[in-house]
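Scroll down for the structure; my scribbles are underneath it.
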Amino acid sequence: MKHWRIEQMDWDSFDPARVDTRLIPMVKAASVVERNGVDYARYLKNVFVDDPDFRAAADNWAVEEVQHGDALGKWAMLADPSWDYMTAFERYRDSYHIDLDVDASVRGSRTGELIARCMVETGTSSFYTALADATEEPLLKAICKQIAADEYRHFKLFYDHMHRYLGREKLGVWQRTRIALGRVTESEDDELASAYHTTNEPAGMPYDHQRCIALYMVHALGFYQQRHVNRVTSMIFKTIGFTPHSRLQSLAARGVYALMQRRQKKFERQLAVA
Ligand SMILES: [Fe+2]
Ligand SMILES: [Fe+2]
């Protein structure tokens, strides 16, 4: 079912001279979050307990997410031979948990859950596109392009299921907007910050959310260019039911990009003070 396989990548094309060391911590953090897709599939299958089509799709989705983790982890071990992907993943699993044994979505409805999934895939597809554009290292560029294409297909998958449920649950545009923006702002919660901590900081160092999210965001936000943000906002508009590629959307895209740059500067100042 996979659209590509890890063995098909040209691993001999890795060029250590073209590795930007600022990108390595981002790749390490992303690898463990991706591999955690299996846990998330368990959660999704509990939420959609009587929907065999969606449950099968969630299993296929998780296989692809794990492959993303494995490809990024393998690349990070080439870039930093002292680092071990599976050890880092075990540390991440010990430190970050989501409540899997649920019988309903934490978003209040199945439509809400699928909107949140669309937001995550919007974030990942834009992140890997931005990372592919930011790196000159040919292997990482190729891996990120493959992953970004998967993430866009995942967005489509959750979007189509969301429309199916929207017909029954009838969430209004503002409810959809609230859920979508709520999930976007959660990117500064513990999932990415603890991934940064467990993949980049020594085992004995205590976890400090503020430090770790600042270290993660200061680099991650720096990769984005206006064109990546244009895509993000058009995918968000599509999900909540506004017209993408409209005047309002291009205005929103400029506003969001300015906001991201301000956030990045804020994290930079925070780290300079610390
Ligand atoms: Fe992924
Ligand atoms: Fe994905």
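Counting starts at 1 for both ligands and their atoms, following the listed order.
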> When the ring centroid of Y165 is compared with that of F54, is the distance short of 6.0 Å?
Replying inline: no

> By residue and atom, what protein N/O/S atoms are less than 2.8 Å from the Fe ion (ligand 1)?
Replying inline: E34 OE1, E34 OE2, E65 OE1, H68 ND1, E151 OE2

> If you check every N/O/S atom of E121, which is the one nearest the Fe ion (ligand 2)?
Replying inline: OE1

>> I'd like to check the salt bridge (charged side-chain N to carboxylate O under 4.0 Å, His left out) partners of D208; sequence neighbours left out, ordered by chain and number.
In response: none

>> Please identify which of these residues, T122, V256, I236, meets the side-chain contact (heavy atoms from CB on, under 4.5 Å) condition with V184.
In response: I236

Hey, can you pull the donor-acceptor pairs under 3.5 Å for the side chains in residues 265-274, sequence neighbours left out?
{"residue": "Q270", "atom": "NE2", "partner": "Q210", "partner atom": "O", "Å": "3.4"}

> Taking only residues at least two apart or on different chains, which pairs with a member in residues 226-251 satisfy salt bridge (charged side-chain N to carboxylate O under 4.0 Å, His left out)?
Replying inline: D133-R227

> Taking atom CZ of R153 as the centre, does the number of heavy atoms from other residues, nucleotides or ligands within less than 6.0 Å exceed 12?
Replying inline: yes

